[in-house]
Structure formats: C-alpha cells, structure tokens
Amino acid sequence: MAVVPAILCCLTLTSAHPHSGPAGHVATQVETSGWAQSSLSWVNKQTCRWLSNCGTERSSGERLLYQDLSSSQQMPLSQGSPLDRPDSSTFWTSGLENPEDWSKEEHLSRNIPQYVYDYTPYVHLFSGEQFWPCDIAEHLVHTSPYANYTLIRSMENDRTLDNLDELNEYGHFAYLKSEDNVEERPDWLGGSSNIPRGPEDLYDKPSDLVSKNPLVESGHVRGQKRWNEFGRHGSEGRGKPSDKLQERGGHSSAPAVLIVVPKEDGVVDAFWFYFYSYNLGNKVLNIRFGNHVGDWEHSMVRFRNGTPEAVYISEHGAGEAYAYHAIEKYGKRPVIYSATGTHAIYATPGLHPYVLPWGLLHDQTDKGPLWDPNLNHHAYVYNYTSRQLKSSAQTPYAPVSWFNFKGHWGDKIYPMSDKRQYQFWGQYHYVSGPFGPRFKNLGRKKVCQNMREQCIIRHWLGEEEGSNDGEKKLPGEEIGDAIEGPETAE
C-alpha cells in the first residue's frame, strides 16, 4: 500500500509548484532538454530520455553556465580586505532626499500614521530556525550581479541600495548570485546575529534569567539562545502572554521594510516585508526541494479610516486573509508565525500541510523568538497609481532605487551539471531567487495578493468555521470590493 502514496505524490509533484510566484520563480523553471542531459545523475538523464521529463524550453534560448572569475578581475566585495569593503550600514542612509526642502504638504503626505504602528504584526520565528531574518544591504555585500549565468563586471564592485535599479537594463534576467557556496552555510546566509532579542538578554547567567525573566514560564530561554517548543498543536498554543512580553520582545538587527499605500474610501494598506538571505525548502519522502538564495515574505494590515479590518499573510506565492477580529493578538497587535526554513507565514502555531495529501509536504511554526518590526525598520509611502515609492518622514534618508530592481534577489536555478542540483518529477533541489516587493501587487483592490482568484477572508482560526470567534462578521460589504484601481501584477 505504500506504493500508492508514492505514486500519487509523484503525480502531484509533476503539476504542482510548491513555491511558485511571478514568472521566473517557480520550482519547475528549467532549461532545454540538452541542459537536463548535462546532469551528472544517470537517473535524471534516463528520466529525460524515456519520460520526456526534461523541463520546458526557455524562451530566451540561452545555454550559459556560470562564468568563472578571471585572475585579472577585481576581488568581489565580500572577499576583499575588511578595510576596503563598503559599510553596508551606510546603504540605508544613501537616499537623495532632503526633508528640509519638503513643503508642509509633502511632509504630511510622507508621514506614517500612528495607527499603522499601533497595529504592527508581531512575528514568532520558529524555535529551531536555521535561517533567520537578514538585511538586504548586507545581502548585497555577499552577492554579485549576473545576467543569467554571466557576471556583470561593470557593477560587480559598485552596487548599493541606491543604484541597484541600474541592473534593470537586463530586466528579469538579472540575478544577485551568492559569492559563497551556499551548501557550506556561510554565516551571512544564516543571519544568526539577527535573532530577535530584548532587554532580558543582558542577563549574564542563566540563573539570573530564571529568577528575573517572566518569559521563562512560557518556555522561552533567550539568554541561552535556545527556545523550547511551546504549543505546536491545538488551541493551547494560542494563550495570551503577559504585558511584559509585549514590552520586552523583539529587536532584530535585520531591518524590516514598511510600505504604506493610501487608497480610496479611507483605505490604507500597511505592508510589512521580511527578508531572509536563504530559503530552505521542505522535504517530500525525505527529498528536499525548493532551496533558493534570497526570500521575501510579507504581511499586510488593511485599515479603513484608521481602523484595522483585515490581515493578509503570504504563503508560498499565495496566502491567507483574516478578519482583524479573528486573528490572534498580543494586546491589540496581530500575531503571526513564520515557518521554519521556508518562512511562509501562518496565523497559528503547528503543522501546516500544503499541495500534497497526507501531510507529505508541510510547514511548521511555533512560539519561537518574538520579532517586533517596529523596533528596527525603514518606512516608505507608495502611490500605486503612479507606481512611485518615496521615503517616509520617519526614515527620510532611506534609498528607493532598490525597490525598482526588476531582477531576482538570489541565484538563478543551478544547471543540472552542478553537483548540488537534482530534479524529481519536475521539482528541483535549487530554484531561482525571488523578485522583490514591487511585484507583490501593492495596488491590490482586494485584501488578497492574487487578483485572479476569489479572496476569502476568514472570520475564524483553525480548520472549522466558528472554531474561534467565527460568528462575527464585519459590517458593510466584503472588504476590498469597494476599492477601485488598476488590477496589476505588481
């Protein structure tokens, strides 16, 4: 009987895209049959030959492999002398704006309303996470610009958050490729220095932590850099914490990005973007698929006349929408959960199956380190009709050019000749890095990211309607239907 699940799994994998997104970021993005035949694996070659499972033809017709750096070429940014490396922290203050020149109206238009911060989602990262939040500025120092598999030498040592859009002449064929072998797990890829911390981390000894820190009662032992599993299954994992948890939780050295989008009828969408330098794919039948360099996730809180109405959270190229009253909260702020490895976001702790039956493919969340994006972020306002991003009055010197970058924030899918790469029924061990926030449909009318599908706003948590405050309904029409604007894929 074990054969039946395996066959169904293979058939599902053939048509499913566990981590799909915009064009160029799907697990099945591959090259020509000749590209597949270059594989070092005999199984892959025979699969291509007899089952025609070689992937789809690329429209560009290019067959380039990564080019080695010549000996006469300049050293990459991350490999030069520490004294010669750019200070990535200055990247975030490289914007060209001068707030002293703004008119009163301009200043008001760039001001982030206080209610946006009052309802910023808390993020529980997974207790056993290996790849923590990262800074896109630091990410630039450890990557090099490529056009498909060819190094763009003109910008190899001259790229910042304020000139990244100069790569747009290569369009979607631009990639920010890791300068390190990702399988060697360099420190910058894991971001362990960015694990959220609070004042309780100042205690020197675990004994002091136990005696003074109320978070220990919830199974959180931050001083030892270790988090016990807490409430992974069922409603017992959604208990309300003390006020001290809100006061102490969550500073990360990795800044989040806030983009506030005013719309019609008193609607304001507050997008919080979370960046990770690496996405560790999940396993199916003990085979891991979908690893990639660079990972953008986001949540969005929709306000109407300053009142929160709904929360959207991203999951594997799609996502879920919840009425604000239904979502878990610490105080009045929403609480969301980031899955281990993939960083997909969910509304509850526990196991979250997707795509495949019997839970063969699933994410896992728990009440690990609490991340408060309010404590370290860069804020912007966005005009979705003109598609113009501006730095906010809160962070006026933050650059904007990185937002306009049209390429990928990671490596291009590895060739089959790369010993790190393998495929099984159309799914690949390593896939291409993602596009950035400008492609997350910031001008959406409905709460959900995908405008082509029905947007279902849940009024409950859990699997069954009514299991958690599900009887309440929001007043008026369904959220989003009254907002007019372009239905773009941006």
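Since the structure is predicted, the reported quantities are computational estimates derived from the model, not experimental observations.
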Qualifying residues under salt bridge (charged side-chain N to carboxylate O under 4.0 Å, His left out), relative to Glu320, sequence neighbours excluded: Arg458
Taking the ring centre of each residue, are His172 and Phe439 less than 6.0 Å apart? yes
With Tyr274, the side-chain contact (heavy atoms from CB on, under 4.5 Å) member among Val257, Ile336, Asp295, Leu125: Ile336
Take a 6.0 Å sphere around CG of Asp187 and say whether it holds more than 12 heavy atoms from other residues, nucleotides or ligands. no
Minimum-distance pair of heavy atoms, taken over all atoms of Asp162 and Gly95: OD1-CA, 4.3 Å
Any donor-acceptor N/O pair, Tyr414 side chain to Tyr428 backbone, under 3.5 Å: no
Between Arg333 and Asp372, does a salt bridge (charged side-chain N to carboxylate O under 4.0 Å, His left out) hold up when you go through it step by step? CA-CA 10 Å; Arg333 291 174 58 178; Asp372 183 355; 2.6 Å; yes
For residues Tyr382 and Phe403, establish whether the separation of their ring centroids is below 6.0 Å. yes
According to side-chain hydrogen bond (donor to acceptor under 3.5 Å, both in side chains), who are the partners of Ser252, at least two apart in sequence or on a separate chain? none
Between Leu161 and Leu140, is a side-chain contact (heavy atoms from CB on, under 4.5 Å) present by the stated rule, with each step listed? CA-CA 8 Å; Leu161 294 177; Leu140 285 186; 3.7 Å; yes
For the ring pair Tyr146 and Tyr175, is the centre-to-centre distance below 6.0 Å? no
Is there a side-chain contact between Ser299 and Pro121 in this structure, where contact means two heavy atoms from C-beta onward sitting under 4.5 Å apart? yes
Side chain of Thr365, backbone of Gly350: donor and acceptor closer than 3.5 Å? yes
Kindly give the heavy-atom pair with the smallest separation between Phe405 and Ala174, and that separation in Å. CE1-CB, 4.0 Å
Check: Arg153 side chain, Leu151 main-chain N or O, donor-acceptor pair, under 3.5 Å: no
Strictly by modelled atom types, are Asp135 and Trp92 linked by a side-chain donor-acceptor pair under 3.5 Å? yes
Please confirm whether the ring centroid of Phe131 lies under 6.0 Å from the ring centroid of Tyr276. no
Spacing of Trp132 atom CH2 and His343 atom NE2 [to the nearest 0.5 Å]: 8.5 Å
Stepwise side-chain hydrogen bond (donor to acceptor under 3.5 Å, both in side chains) check, Asn168 with Asn404: CA-CA 8 Å; Asn168 285 351; Asn404 296 316; over 6 Å; no
Would Asp366 and Ser127 count as having a side-chain donor-acceptor pair, cut-off 3.5 Å? yes
Taking the side chain as every heavy atom from C-beta outward, state whether Tyr430 and Glu183 have any atom pair closer than 4.5 Å. yes
Using only atom types and a distance under 3.5 Å, with no angle test, would you say the side chain of Asp165 pairs donor to acceptor with the backbone of Trp402? no
Before giving the answer on side-chain hydrogen bond (donor to acceptor under 3.5 Å, both in side chains), spell out for Tyr149 and Lys177 the whole-Å C-alpha distance, their side-chain angles and the decisive distance to 0.1 Å. CA-CA 9 Å; Tyr149 298 108; Lys177 179 184 178 295; over 6 Å; no
How close do Trp371 and Ala254 get, heavy atom to heavy atom, and via which atoms? CZ2-O, 3.9 Å
Residues Leu461, Glu328; criterion side-chain contact (heavy atoms from CB on, under 4.5 Å); working and verdict: CA-CA 8 Å; Leu461 290 179; Glu328 180 185 352; 4.3 Å; yes
Taking C-beta and beyond as the side chain, do Val293 and Trp409 meet within less than 4.5 Å on heavy atoms? no
Run the ring-ring contact (aromatic ring centres under 6.0 Å, His included) test on Tyr330 and Tyr122 for me, step by step, so that the C-alpha distance in whole Å, both residues' side-chain angles and the decisive distance to 0.1 Å come before the verdict. CA-CA 8 Å; Tyr330 289 169; Tyr122 284 109; 5.8 Å; yes
Could you work out, with side-chain hydrogen bond (donor to acceptor under 3.5 Å, both in side chains) as the rule, every residue matching Trp296, not counting sequence neighbours? none
Is the shortest side-chain heavy-atom distance between Leu442 and Ile259 below 4.5 Å? yes
In Thr342, Thr340, Asp363, the residue satisfying side-chain hydrogen bond (donor to acceptor under 3.5 Å, both in side chains) with Asn282 is Asp363
Shortest non-hydrogen contact between Val447 and Ile457, atoms and distance: CG2-CD1, 4.0 Å
With His377 via ring pair (Phe, Tyr, Trp, His ring centres under 6.0 Å) - residues at least two apart: Tyr117, Trp272
Output field: ring centroids Phe424/His429 closer than 6.0 Å: no
Mind checking ring pair (Phe, Tyr, Trp, His ring centres under 6.0 Å) for Trp188 and listing every partner two or more places apart, or none if nothing turns up? His139, His142
Is the closest side-chain heavy-atom distance between Lys440 and Met300 below 4.5 Å? no
Step by step, work out the side-chain hydrogen bond (donor to acceptor under 3.5 Å, both in side chains) result for Asn163 and Ser401. CA-CA 6 Å; Asn163 68 3; Ser401 296; over 6 Å; no
Taking side chain as C-beta onward, heavy atoms only, is Lys406 less than 4.5 Å from Tyr170? no
Can you name the nearest heavy-atom pair linking Cys448 to Ala321, along with the distance? SG-CB, 3.9 Å
Residue pair Asp411, Ser178: steps toward the side-chain hydrogen bond (donor to acceptor under 3.5 Å, both in side chains) verdict: CA-CA 6 Å; Asp411 297 17; Ser178 169; 5.1 Å; no
Could you pull out all residues at least two apart from Lys390 that satisfy salt bridge (charged side-chain N to carboxylate O under 4.0 Å, His left out)? Glu106
With no hydrogens and no angle check, just 3.5 Å: does a side-chain donor-acceptor pair link Ser338 and His124? no
What distance separates Glu297 CD from Asn279 CG, expressed to the nearest 0.5 Å? 7.5 Å
Which atom pair, heavy atoms only, marks the closest approach of Met155 to Pro145? O-CG, 3.6 Å
Taking atom OH of Tyr337 and atom CD1 of Ile313, what is their separation to the nearest 0.5 Å? 11.0 Å
When the aromatic ring centroids of Phe273 and His378 are compared, is their separation below 6.0 Å? no
Within the 4.5 Å heavy-atom criterion, are Phe271 and Val261 side-chain neighbours or not? yes
Between Asp418 (side chain) and Pro415 (backbone), is there a donor-acceptor pair under 3.5 Å? no
Polar side-chain atom of Ser277 near backbone of Cys134 as donor-acceptor pair, under 3.5 Å: no
Non-hydrogen side-chain atoms of Arg302 and Arg444 separated by less than 4.5 Å: yes
So NZ of Lys412 and NE2 of His292: to nearest 0.5 Å the spacing works out to 14.5 Å
With a 6.0 Å cut-off on the ring centroids, do Phe435 and His408 count as close? yes
